[in-house]
Structures are given as structure tokens and as C-alpha cells.
Amino acid sequence: ACGNDSANKNEAKSGKGEEGLKIAIVTSPSGVDDGSFNEDNYNGILNFIKKHPTATVKAVREETGDLAAAVQAVADIVADYDVIVTPGFQFAGISSIAVENPDKIFILNDSEPAPVGDQKEFDNIYAMNFAEQESGFFAGMAAALETKSNKVAVVNGIAYPSNVNYQFGFESGVNYVNKVYGKDVKSVELSGYAGTDVTGANVGGNYAGSFADEATGKVIGNALIKQGVDIIFVAAGGTGNGVFTAVKEAKGDVKVIGCDVDQYDDGVNGSKNIVLTSGVKFMSKNVEKVLNSVVDGSFKGGNVVLYADTESTGFIKEEGRHQLSEDTLSKMNEAYELVKDGTIVPASNFNGHTPDKFPGLK
Amino acid sequence: MSDYIVEMKHITKRFPGIVANDDVSLGIKKGEIFALLGENGAGKSTLMSILSGMYEPDEGEIYIRGEKVQISSPNHAAKLNIGMVHQHFKLVSDYTITENITLGIEPIKKFAGLFPYVDIRNANRKIEELSKNFGLEVDPTKKIADLTVSMQQRVEILKVLYREAEILIFDEPTAVLTPQEIDFLLGIIEGLRNGGKTIILITHKLEEIKKVADRCAVLNKGKLIDVLDVKKTPVNLMAQLMVGREVNFESEKVPAQFKEEVLKVEHLTVKNEDGFEVVKDVSFTIHSGEIFAIAGVADNGQVEIADTIAGLTKVSGGKILLEGKDITNESIRNRTETGISYIPEDRQSFGLVLDFDLSTNLALKQYYREPFSSKGILNKEEFEQFGSNMIDKYDIRSGQGIKTQVRSMSGGNQQKAIIAREIELQSPLMIFVQPTRGVDIGAIENIHRMMIQERDKGKAVLLISLELDEIMNVADTIGVIYNGQLQKIASSESLTTNEVGEYMMGAKHE
Amino acid sequence: MSKDKKEKFFSYSLIRPLSNEKWQPISIPLVSILISFIAAAVVILLIGKNPIQAFYNLFQGAGILPKPSYAGYKSMVTDFLSLLNAMTPLVFASLAVAVAFKAGLFNIGVSGQMLVSGFLATIIVGYSGLDAVIAKPLVLLVGMVAGGLIGGLVGWLKYKFNINEVVTTIMLNYIAQYVISFFIQMFYIDPVSRQSQYISEAARLTLVNVEIANLKMDIPLGFILAIITAILVKFVMDKTVVGFEMKAVGSNRNAAKYAGINVGRNTVLAMVMSGGLAGLAGVTYYLGHFSSIQPKVLSSLGFDSIAVSLLGNSHPIGVIFSSFLVSIIDQGSTYMSSQAGIRQEISSVIIGLILLVSACGEYLKFKVRRLKEKEVDRKERES
Amino acid sequence: MDTIIIDGLSFALPLFILAIGGIYSEKSGIINLALEGIQGFGAFVGALSAVLIANASGMDVQNLFYVALIFSMIGGMTFSIIHAVLCIKFKANQVISGVVINILALALTTFLTTQINALVFGAASDKFRLGVSERFTIEGLANIPVIGAVFTNVYPFEVIIIVIAFFAWYLLYKTRFGMRLRASGENPHSVDAAGVNVLKIRFSAVLISGLLSGLGGMCFAYSISANFSSNIYMGYGFLAIAALIFGNWRILPTLAACLLFGFAKSGGAFIAQSMALPSSFTDLFMILPYVLTLLLLIFFSKSNRAPRALGEIYDKGKR
Ligand SMILES: Nc1ncnc2c1ncn2[C@@H]1O[C@H](COP(=O)(O)OP(=O)(O)OP(=O)(O)O)[C@@H](O)[C@H]1O
Ligand SMILES: Nc1ncnc2c1ncn2[C@@H]1O[C@H](COP(=O)(O)OP(=O)(O)OP(=O)(O)O)[C@@H](O)[C@H]1O
Ligand SMILES: [Mg+2]
Ligand SMILES: [Mg+2]
């Protein structure tokens, strides 16, 4: 009897009197403060709470990053909450918990729920995936339009589908600029870091082989800079920090493009900033949207992929958060509309297109 | 103002299960050589450790030069001009003589007037000078690891002198020395006394006391029995007071009855870690019923011979036969089984597992066989039973009986435990290396008696000792070793002590 | 005379319960745990939370105390079984450390040995489709053999080439981590989970989601084995010739050699045993508690176990209890964090504190002995 | 080729200073497995101080490089007090104390980083962001073939480390303190009998060890990501221990061991790049330093010897 009441007492944001929505967010080891993926999801919840002050949120971190442990962490606490937000592919396994707890709602990001028997979609799981290739596409465009050396590159972690999507999207963007604006920009690949995707196919690119190896990130960053690359799209998780550092240390005019969320703050380098823009997925907005649907009763489970048409993918163009030229910005805005209306469909790992041949590439 | 430079009043020191010093009061005069005598575990070392600041007494008072002091550390003792030469040398073996002597009071110079560094060169010179003054020549730049035991002892003495000690305590300084070295050391000690220093000497050897000491205190079971004037007290009275019974110095033995060959060593050659030949082409034979002793100055290869026979060191040439069986390349265990008992020189790092209890140590050579264990399972009761028997049989004294951690036992009693264990194996060949080192005279007598007893039972005994007296006393056959080579093998009756001494020094050979 | 009073206070509150030497192996860790919980309570108070509440939640989360509400198919029983499931590999790992320790060796490489055995068991048995009756024992066997071989290698390198086992095990940790990561990424990756593919249920040492009385529980088969193993290890160490020899080698190599004990063989043997136990930790971890392997991650369990084994006095039975305690804190932390709003790191801090205090056990013992002696002295003086 | 030397050095030198820290502690007789935790904690304090000072004074973190270095040393030293107290005052088992400290360091620094970011800076983040350290090139020397790489793209801390390493060598082998320290690790009883307080010497040794390790941690933080986060715990502390054992507890051979690690590591990455294999194969090249170490140890270990009293709890009464 003691757990629940006091939990509420301890919670600063909890309202008095009426019961609000009880939300928990369970994250991978990097926690809700990672300044990136998890935090963006968390912000969605916080924004929701701002408008619904009776709602509460509790952040729980799973420390090992192992799948089974992640699911166990959710199972440990599920009884005490109404909605559980689980950002990260690690949580695909929560479907079994969802089945056992039909009165709870789960918001899963970055993965589809693991099938339970034949069932792949669940009434109480809203699983969202984003079209990373679109974000990558904008990054590729920005890089190709802004490069002076005509050499750009994308750095990834491991060739899982989401990463390959970013890579193919980026390369699509570069090719698009080359074709449409008559440039000759090369997407540089270091031979030793080609990725092998989940089907075993060689997808090229620059894969560090890990999402948490800053040192290797830095090695790759340095190698790219040495080859004359002046804009790098960094879609490599923690490994990306190493690329950032390499770029900061390089004295030349090298820039990076952030990934997933607006990484402008990570780009501060003395009085300068190395972040050109960021190719992003608008996760917080979507999390908030789903939470709203829960309170107004319109919640509907299912597995969705979110595209630019719902303004779920894109790039950072707020004043002061990017360093794109006017010209680039307008070209990208143009393209954004084309992506939105489906004229341009950048290549992804499994959508059948390739960076050299995709709808919209004239 | 009393005429004592050191006064210890009503000193009591307790350790778990034992009162090491029980209300001991002593006065030591300036400029005398004061000896401490007592059985193993009587509390001599403890008492002197208190004086040198290693332990603090539970009760009692200490006066130095008439002033009451509480000696809280060796450093404090040094300030009071008290220095102790411990039996177990406290030296850093990687350091040079100078570095060891100056440790704690290193002379400093400044480089560029800014960076202080230890001025070794200057210190070397000073120590060379000091060592000459006291007749203790050493090469100050040599490393301790390269020195013989007696040289190491010189370093310890120099250490104390370098600190300008007035009161010098020696804890069993002669136990590890050869007769020549002992004479030399006693000379030094007398010289120091004549130079005005006060000397406290712990020793088990009455003749040494007789030779140099002025007065002598006798301790027994922690209590002070008496303080004697050495000049006026006959040796056997001292011994009697100390042991509490009459002591026989000459071992009585019937003439040896040699029977069949037990050990045959043929052309044995042994190299040390650096590949240097320490034993060169050594051959000898020991028969059942024979005590064969190897006499020699320390570090002439005798310990290596023993180690090699026991299997601790590898042979590089030659053969070892035990009861006709070639054991040259056998494992240690097999040798023990075939029939070797071995009392090693270094009891603390080889002879005992200091952190095990006494009963376990007593069973260290037999734990794996019936009745100590059967089918790989230990029988704890048998350990205890056996341990208790041994304690009684060999008079091993300790705080908590078979449960005593061996580390806490006095050195002499540790030695007794090893002897008990090895004799009890009843092996055809028994190797005794320095069996009486650090052991009181009562116990020495016992050990010698036991050795002879075993011989008479038909065992072959190999005795290695630095003490010529001991060898002359118990051996039937003597082999003298010098520089890794056996100079002479002859029956003990046919050799005089002097002759043996000459062979030992390499002055005479066949 | 306040010093005297203080001493008296200590003597009554501390010495009495601690002075019985027979009970010290138990009483000292208990006091250590108490002290560290008090210290942790202070930390929790400092961040403005209620420590009693937090500890209560901790135990609730671990299945020791009931929670107010349970999710579908869950109850205290299922939580408790999860606790045992998580604890199983820790027991094995700590035993591995303890055995090596007794022989005077430090096995810092438990993590690496776990990984290798877990991996080999996974690819040999986990993906084989063998029947449960054959698969499960085979998993154990593979784990034990693989771990034992690595341990043996460490022991052999030490004996043969005098290579410090601390270095060897650290190096092998890295090598295992990278090499196995390579194989997983190349051949056994599951693209969705980004870990190695799941093993077959038949090979898994924990029966998962067993439905009993409307509850879905995980039954850790390895747990029983862990307990039996601990008892066995105790028996071997205390009562057998093998254990005697290993302890002798650990205590004084020279004397052991002199006594005819084969030092080399015992060094290798101790490491084989230690490695074998680490292997069991590996299979109960990767093929029991979990069912797949994260590439490039060394389980921290291998390091924690060093401390856990200390907390248990390197005593096999003590290890069971210390593993139990540490697992409670580990397992309960998620729930505590969710309920009391205290970050989970606090639970690591608590574990750290417990271990810290218990590392001082020898000192406590020493202090107690000193105080006891003083008391005896005082009494003597008084009378 | 240049990259091998440049990257190799920037990894080897922080490792070296960590290892020197280890040498100090172990030469005095205290096993120090806590290097890993101490370097992390040092880096934490260094980064925190830089960030706090930047925040309070409005200075750019970029310019607080030296401040961070100094505070990392203070931080490392402070944290090492735990090890010193545990091992020396409380007579704890040194290996265990080290392991426990590592566990504690990881838990504490991750906890405090997020907590402080939230409380002080009002921004949720699990890392402290530092400015990158400016690298410099000595023009003339840099043009020498091969060797030139040594003078190319040098971190300032590399120079600092070399200077400190030299002082550490001087202190250990030439001064009074160093003599006593080494003697404490060989035969503490001799030191005690010489009237020197062994415990004090060992205490200082552990603190110096902490100071140097803290610096090492900060250098790693700068050279790898210019951040402080829990990524600092990459096991380099353990690697440093391996290096110092490999170096037989002596400073110069340890430098050689560290350079070996550094070059093998950067060389491995270089080979991986030039062999044009998929990224998964990089893992295989990463084992290069470790395999090499094991192989070399087979040849060089025979004569290796730890300080005689290493790990022994010093107790006057015991001998
Ligand atoms: N630190 C200690 N802890 C426990 N017991 C001790 C300690 N020091 C000495 N003893 C015990 O006190 C008694 C006296 O020991 P001490 O070494 O003073 O004897 P000793 O006269 O020097 O004997 P020996 O002739 O063998 O050297 C012994 O029984 C010994 O076991
Ligand atoms: N920590 C300890 N615990 C118990 N007993 C100890 C301890 N340290 C030393 N002793 C005992 O204290 C006594 C005094 O030590 P000291 O070094 O003076 O011995 P010693 O008489 O010179 O030894 P030996 O008889 O070997 O010549 C010894 O009997 C030793 O066994
Ligand atoms: Mg004595
Ligand atoms: Mg003695």
C-alpha cells in the first residue's frame, strides 16, 4: 500500500486532486538525458505534461542495454503506470507484456513490436518508425550544396536498416544535387569501413562497426578529413562524438551534419560551430500527439512509418540553429515539398530503390 | 641517578594465549656486554623488541640514562641511541649497501640549487670510512642480493653504527655465521664495548656468552630467573638455570654400525639460476646407520646439494641413487615416498606454511595418504590426533596448541615442528640442514639425541651445518666442501677440528 | 573521561555482538552491510528522498516484499524467481573468483571467460535444435569446458612463462570481446535485436514464461546447480586433498613445492576450476538469464563478482548470501527508481558502499580484538 | 603512416601517465587496480570544474584546457584517498579495494553528471562538453620524414606528460622520497626499522598515483571526444596496469610498452583501412595490441618480478 501513494507525493509535477495520466519512460543505458534520441522522446512527454499538468512521468533507465533486460525493466514497473514510452529498438520485445496487460498503453519508437504468435500489430502498442532515408536525403542535399571541396561523406555505426536508410538517403541527396544542380560532388567511402547489411549485402559507406566507439569515430573522421572531405553527415550514435571531435580539432573549414535531433549545441567549437544543420526525425512531436490521443480517447494501436508528409522527418532550419546559405535553404525547401508529395522517394535499405536510381532523380 | 644506562621495570607483554614477558625488571650498565639467555619462546626477542621500539609493553616502565621514556617507534629508539641488529635482517635486497645504511637519513644535495637529490657518492665515501674505522670493511656500492649472510650482518651493524647508537642490541647474531665469522663478530662486539658502547646480546650459545659477556640474564617462560655474573658462573649452571635441568653437552653415542648403502651421489653438478656451477662433480655415499655431515663455510654449495637430493633444485650433471634406485629426475613427491625426510635451511619460506595452523603443518608431508586422507578426502580428526601427539612428543610450545597459526610461534618452536614432522616420516634417508639454528641448548641436545637415535635405528642421516662443533659432535663421516667441491671425506675420528677448518677455508686439499 | 565512555559505548554496542570469533565470518559482513545501508540512507536523505521508502521499494522490486499492485500474470513469486534467475550467474562468477583466490591467483578475466563459454555454447548447442534433455546438459558441459580451457591457458602461461595472471586475463578479456563481436556481427546477428540470434528454448537453462496458477514465471534451473556447486566447492576446498594442495600453493608456493605438491599442476588446476566456474556463469548468463549475446559488451558481472566474493569472505557458502544481497539491490533498483524517484545509480552506489565497508572487514576484526583485549585488561585492573 | 605515429602517440602517452601512476603505487607496495576508476573520476572533476568555471565566469570552455588538467589531477588525487585509506588504514585487500573503487567511480560519476547537469545547468545531459584541445605542429621538425610525425598535430598534453614523466622518474629514482618509496615496496620492515613511516610513504604514493591517473583520464577525455561521459571507462586503466607489469614496474620499459600499445592500436586501424575489408573486420584488428602483448610476454616475462612486498598488508608485528 505504500508504494503508490508516496510515489505520487514524491513527484513534484503531480497535480493535486484528480488523477492524471501516469506515464513512464524506460530507456536504454544512455538515459533520458542523452541529449539526443531518448531525450527527444522524453521532451514529447514533458511537452504533453505542460498542457496536462495532472499527468506525471517517471523516467527509468535500463542499465545493460540488453534486450531481455530492457523488457524485464518494463515488466518490473508496468503495473504502476497507464502509458509506457519505450524509445529504442531494444524494446521490441514488450509485445508479450502488452498482451498480458491489455489495459496499458505502449508507445514504441524505432522498431516494430516482436511478433507474438502470428500477431504483429497490437491494439495497445503504437509503434512508430521514421523514414530515415528522408532525413538522410536532406542531409545529403545540404552537404552537396555547401561543400567546397566537392567531397562529402556519411559516417554510420553498424549497418542495421535504420543506419543504411540514413546512408542511402544521404547518397540519394548528393546524387540529386549533382543531377539537378549540375554539381560534381563525391560521397567518399573509406575502403576499410564498408558496411554489410542484415542480408549480408555490401552497402559501402563508412561504418564504424559500433555505436559507442568514440575512438574509432575519431579515426574515421580524421581519415575522411585527410581525403579532403569537408562535410560529414554523422549518423553513428556515440561513435559520432569522435567524428565531431576530429572535425573540431581539424583546423580547416570542415563541418558536420547532425542526426536524429538538432545537434547544434554539440557543434560549439570556441567561437565557431561546426554543425551545418541536422537531418532529423521529429519524435517529440509525435510522442506528444499519441499521448494526446490517449487522453481524448482516440488512441489507436498499430505499426506506422512516419514520413515527411506528416512533417515527421526533415532538417533544422530555425534561425541560429544552422549555417546553411539562403540559396541552399531555398533549394532544400523546394525539395522538401517534393519529398512530401511523393515526387521524390529517396532510396532506403529495402524500398527497392538505390541512391543512383530512385523516383524524383531525373 | 642510577648507574644503569638502561633500566626496564616490571615489563609485561601479552600475546593471545601467552604472556611473553612477565614482570621482567632489568638494569644494564653503561659499557658492558649484557647477555640474554633463555629457551625458545622465553621472551628474549620480545623484550628487546620493546626496548627498540617495535612493540609497546602492556605494563612497566623504561628508563634510559635515568630518564623515564616511552619508546614508541624504532625511530624514537634511534634518537635515544638505541639500535637493534635483528636476526632476520631488515634489508632491501635490490639496494646497495649505502642505500640500505642511509635509508631514512639520506644525505641530500641540490642540483642547480633547486632539485634535491640523494647524494650517494658522498654517502659511499662516508660509509667506507666508517666501515674501516670499525674493522667491518665493505664495498658500499655492492647490492645486498650479492652479499653473503655475514656480509649482510655487517651491513646491519654498520646501519646501527651509522646512526651513532650507543646501546646496541644483537638478536642471535651468530646463528648464521661460520666459526671464523663468529670469532670475528665477537671481536667486533668486544671492540665496540671497549669503545664505550653498551651491548645487549641474545644468544643460545653459552661459550659465546662466556667469552665476551660481562653479565647474563636468564629468562624462562617470560619470567626473569636470575642475572648472573658471567665470570663467576660456570657454564653448566647457566644451562641448568635456563632449561631447568641438567644439560649434557657432549652427545653420547655408540660407535656407528654401517650397513647397506642408502644414498649414493655420483658426479653431481648443479648450476644456479645464473648458470654458474655451484656444485662441481661431487660424489659420496651414505650408509644405513651413518651420519654423514658436510662441513663448510656458508654458500659453498652444501645447501644446493641438499636441495638437489630432495628434488627442489634440478641436476645438471651426475646421478643420485636412493637405495639403489635412480632418483635423479624423480618428482619431489616420489622422492619423499621413496624415502627422504628433509629439514630445509629456510624454515619460514620453505619448511612451513605460516598461515596454516600447527596441526596442518605437522601433516604437510603426509596429508595425502592413509590415514590422513582416504580416496582424496581429508580426515580432520586424524590431523588433530597426530598434531596433539607430536606436540607432546617433541615438546612444541605455542599459544593455542594445534590450532596455533604457525606464524605466531617462536622461531625455535617452528624449527621443532619441522623436525617432528620429518623424523616422524621415518624415511631411510634424513637430510638435516642447520637443524639447530636458533634453537635453545636444551632443544639442541634433544635434536642431537634424536639424530643419533635415528642413526641407531638404521637410518642414513645427511647433516649440513655451519657449526663445526655440532658436526664434530654427531657426525660419523665428514665431507668438507669448499667452492662447490668436496675437499675431503673421512671418518670423524680421523679428523681434528683444525684440519676440518683448514679444508673449509680451501687452504688444504687432497 | 569521555574517551573512556566512548570506549565503553563501543565495547557494549560493537564488541559484544562481534567478539565471538566463531561468528565473525557472519557478523562482520552483517555489520558492514548495516553500516553501508546507513551511509546510503544518508545519501538518499541528502537528495531529499525518504530512505526507508526507498529501501522498502528496493525489496519490493526484488520480490522479497509484496508490491501493492502487479501486472498481468505477475506476483511476488515471479519477481522472486527473476531475482534467483539474475543471481545464478553471479554465484558462479563469484565462486570462480573465490577458487582462484584460494590458490593465490586473481582471476580478473571472469567476464571474458563467461563470454567465450556463452558464445561457444550458443553456437554449438543454442542453434542446434537438439532436444532439451540433451541440449541443456550439453550447454553446461560446453560452458564448463570452454571456461576451463581458457582458465587453464592462463594458469599454464603463469606457470610456464611466469606471465602475471592479472595481465593475461585482462588481455584475454579484450581479445574475447573483439573476436566474439566479430563472429556475432558476421554470422550470428539478429538484425532487429542487433544481438546474436536467440537460442532455442530447448537449450535455455531458464524455463521462461512457464504458466503456473495464472502466473508466468521464469524458472532458473541453473540456480539449483549453483547452490550444489557452491557446496561442492566448499567440500573440495575444505575436505579434499585437491583443495588442500591448492590452498597450500596459494599460501606459500615454496613450502608447497617442498612438501611435494606439484605447484604447476595446481596452478593450472585452480585456474581450470575457476575458468570452469566462470564458464558456468557464462552459460547461465547468456543462455539462462538472457538468451542472446550483445556484441562488444563485456558483462560487468565478472568484475562485480570479485567484490561479491570478498563480501562472502571467499567462502563458497558466504558467496551465496553475498550474491543474494547484491542481486536484490540490482534487481530492485528499477522498481525503486520508478517508485521513489531515485536514480538507479543510487543502487550501484549502495552496492559500492557495501563492498567498500566490507573491504574493511579485516580492520573491523582487528579493532574488535583490540577493544576486547582492552576490556579484559580493564577488568583485570579493576579486580 | 603518419597517422599511425600521431594517433599512436596521442593514445600511448595518456596511457603512459596512467601507468606511471600505477608504478608509484605498486612500487610502494600497494596494488592499484583502481586506476580505471580514478582516471574516470579525475576526468570527471576536471571536466566539471572547467564547465562550472566557464559557466560562472562567462569564459569559453575552450580556453579552460589547463584548468581542466589541473583539476583532474586534484580530482584523481582526492578519489585515490579512498584507496589509500582502505588499503593502508583499514588494511583492506588491495585488489578488492581497487575493484570496488572502480564500481563506485562509474556509479558516482554517471549519477553526478546527470544530476549536476540537471540541477546546475538546467539542461538534461549525460556529459560535460569541453572545448577541443588545440593541436600544434612544430614546422621545421615536422618535415623530417617519418620522425616528423612525432612533431605533427601534437596535443599540448603530450608535452606536459613527457615533462611530468621526467619529473616522476627523477622523484622516484633520485630523491629521498623515491628511495624510501621503492624500499617500502621491497621490504617495508627495513623502512620501518630505519625510522621512516611506511604508511605515510605508501599513502603519498597512492595519492601521487591518483594525481597522475586523474591527469591521464583528462587527457583521454580530450584526445578521444573532448567530452566527459561514462565512455571514459574503456578499460584503459587496466591496460595501463598491463603495460606497467609488462614494463617490469620500471618507467622507461613501461613507456616502451605503452608505445607498443599505441602503435599497435593505430596500426591496427591503419591496416583495417588499407585492407579494404568490411567494417566488421576492424574488430579483428583491434585485438592486435593485446595479442602482441601476450606473445611478447612469453619472451620477456621470465625475469619479471613484482616489488617483493606488493599486495602485502604492512603490519609491524608480522615478518
Ligand atoms: N606478535 C606476537 N603475536 C603473538 N605471539 C607472539 C608474538 N610475538 C611473540 N609471541 C609469542 O611470545 C613468546 C615469546 O616469543 P619470543 O620470540 O620473544 O621468544 P624468544 O625468547 O625470542 O624465543 P627464541 O629463542 O625462539 O627466539 C612466544 O611464545 C611467541 O610465540
Ligand atoms: N604477527 C605475528 N603474530 C604472531 N607472532 C608473531 C608475529 N610476528 C612475529 N611473531 C613472533 O614474534 C617473535 C619475535 O620475533 P623476532 O623476529 O624477534 O623472532 P626471533 O626470536 O628473532 O626469531 P628466530 O627464533 O627465528 O630467530 C617470534 O617468535 C615470531 O614468531
Ligand atoms: Mg627470539
Ligand atoms: Mg629466536
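Order of the sequence lines sets the chain letters (A, B, ...), proteins ahead of strands, with each chain counted from 1.
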Taking atom types as modelled and ignoring hydrogens, do the side chains of Y367(B) and E382(B) form a donor-acceptor contact shorter than 3.5 angstrom? no

What do you reckon, is CZ of F321(C) surrounded by more than 12 foreign heavy atoms closer than 6.0 Å? no

Should the pair K380(B) and F372(B) be classed as cation-pi, given the thresholds of under 6.0 Å to the six-membered ring centre and 45° from the axis? no

Between L352(B) and chain C, with a heavy-atom cut-off of 4.5 Å, which part of the residue counts as in contact: side chain, backbone, both or neither? backbone

Report the option among V236(C), T240(C), N262(C), D238(C) that has the most heavy-atom pairs separated by less than 4.5 Å from atoms of chain B. T240(C)

Report which part of E422(B) has an atom under 4.5 Å of a heavy atom belonging to chain C: side chain, backbone, both, or neither. side chain

Go through the atoms of R335(B) and report whether side chain, backbone, both or neither lie under 4.5 Å from a heavy atom of chain C. neither

Evaluate the criterion ring-ring contact (aromatic ring centres under 6.0 Å, His included) for residue pair Y55(B) and F15(B); output intermediate values, then yes/no. CA-CA 11 Å; Y55(B) 292 139; F15(B) 289 115; 5.4 Å; yes

Compare every heavy atom of I261(C) with every heavy atom of N266(C), then report the nearest pair and how far apart it is. ND2-CG2, 3.2 Å

S349(B) portion near chain C, given a 4.5 angstrom heavy-atom threshold: both

